[in-house]
Amino acid sequence: MRRITSLSKILPSALALSALAACATSGGRSSPSPAPDAGAPTPVANYDWHLNLEPQEAGLAYGVANSDEVKLQLRCATGSGALDLAAMLDKPSRQLHLESGGDTDRYPAVSEDAGITDGHYAQADAKTKDPVFQRFRRLGWIAVWDGETRRTYAAHPQSLADIERFFVACN
């Protein structure tokens, strides 16, 4: 597992991704029409998925635009199929437990004190082909378990196409 040893190495990327995402517009994008899911979480005002595409790397982050508030970040080298995951948790954890539409996966994680904010920063590696990410790609939401607390990160309709674009870039 590739590990980033310090929050200071990933935080600038998360901040840059958040800032770049704030500049993105949704004009002209069409949204895929996922099958209705009665159990799907509702998107939260001011929080959404933000895409950053570069020639060699893609990033998808859930948080507040124009802020450093990023709850979950997925990154990949273009075409690699490999994901670098980073999540903010209340408690330290040796695993990152993710769920989407009934699929769950647990990934060994490195956790450290967030330093600049309360909480802990957990990092893990995954693959785009893992069932939880394939389900997230189809449904537009994913949940992170933090101990016994489940936090869902649902896309607003206008950002569903960005989730698909992220996975296309990564594969």
Side-chain angles (χ1 to χ4, degrees), residues 1 3-4 7 10-11 13-14 17-18 21 31-52 58-65 67-76 81-114 117-171:
M1 174 185 347
R3 294 184 181 169
I4 298 175
L7 177 63
I10 189 101
L11 188 58
S13 295
L17 180 59
S18 180
S31 298
S33 299
D37 182 357
T42 303
V44 175
N46 299 319
Y47 284 84
D48 205 355
W49 288 98
H50 304 282
L51 176 67
N52 182 34
L60 187 66
Y62 182 84
V64 176
S67 79
D68 59 355
E69 186 155 336
V70 176
K71 301 294 186 182
L72 178 63
Q73 180 179 7
L74 291 70
R75 293 178 16 174
C76 71
L83 294 173
D84 293 326
L85 311 174
M88 290 300 300
L89 304 174
D90 289 338
K91 305 170 188 169
S93 181
R94 292 185 181 190
Q95 71 175 359
L96 198 49
H97 179 185
L98 304 175
E99 170 201 349
S100 184
D103 285 319
T104 63
D105 279 312
R106 290 174 172 82
Y107 300 95
V110 175
S111 182
E112 66 181 74
D113 184 46
T117 184
D118 291 339
H120 298 268
Y121 185 73
Q123 296 174 252
D125 294 325
K127 300 285 184 193
T128 58
K129 67 180 180 179
D130 293 346
V132 72
F133 293 109
Q134 290 302 304
R135 187 65 65 102
F136 167 52
R137 183 178 183 178
R138 285 191 306 275
L139 299 179
W141 68 269
I142 196 165
V144 175
W145 284 87
D146 187 359
E148 298 298 315
T149 304
R150 178 180 180 257
R151 293 187 175 88
T152 56
Y153 305 139
H156 290 267
Q158 69 272 14
S159 64
L160 290 171
D162 283 344
I163 293 171
E164 178 61 18
R165 288 175 42 202
F166 171 77
F167 282 99
V168 166
C170 290
N171 290 318

### Task
Apply the test side-chain contact (heavy atoms from CB on, under 4.5 Å) to residues Gln158 and Asp48: give CA-CA distance (whole Å), side-chain angles for both, the deciding distance (0.1 Å), then the verdict.
CA-CA 9 Å; Gln158 69 272 14; Asp48 205 355; 3.9 Å; yes

Least distance between heavy atoms, [X] atom then [Y] atom:
X: Ser111; Y: Pro92; answer: OG-CA, 3.4 Å
X: Arg137; Y: Val168; answer: NH2-CG2, 3.8 Å
X: Trp141; Y: Ala154; answer: CB-CA, 3.7 Å
X: Leu139; Y: Ser100; answer: CD1-OG, 4.3 Å
X: Pro43; Y: Ala155; answer: CG-O, 3.2 Å
X: Ala126; Y: Leu85; answer: CB-CD1, 3.8 Å

Mind checking whether [X] and [Y] have side chains closer than 4.5 Å, heavy atoms only?
X: Arg151; Y: Asp90; result: yes
X: Leu98; Y: Val144; result: yes
X: Phe133; Y: Ile142; result: yes
X: Gln95; Y: Tyr107; result: no
X: Phe166; Y: Thr128; result: no
X: His97; Y: Thr104; result: yes
X: Asp105; Y: Pro131; result: yes
X: Leu74; Y: Asp84; result: no

### Message
Tell me whether Arg94 at atom CZ has more than 12 heavy atoms from other residues, nucleotides or ligands lying less than 6.0 Å away.
### Response
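No, not enclosed.
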
### Ionic contact status for Asp130 with Lys127, cut-off 4.0 Å
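Judged by the 4.0 Å cut-off on N to carboxylate O distance, Lys127 and Asp130 do not form a salt bridge.
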
Spacing of [X] atom [atom1] and [Y] atom [atom2] [to the nearest 0.5 Å]:
X: Leu96; Y: Trp145; atom1: CG; atom2: CH2; answer: 13.5 Å
X: Leu83; Y: Arg75; atom1: CG; atom2: CZ; answer: 11.0 Å
X: Lys91; Y: Thr149; atom1: NZ; atom2: OG1; answer: 5.5 Å
X: Met88; Y: Asp118; atom1: CE; atom2: CG; answer: 8.5 Å
X: Ser159; Y: Tyr47; atom1: OG; atom2: OH; answer: 15.0 Å

### Short side-chain to backbone donor-acceptor contact, Arg135 and Gly101, under 3.5 Å
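Yes; judged by distance alone, with no hydrogens or angles, the pair exists.
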
### Message
Check the orientation of Tyr153 and Trp49. Use parallel for under 30°, tilted for 30 to 60°, and perpendicular for over 60°.
### Response
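Perpendicular, since the angle between the ring planes exceeds 60°.
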
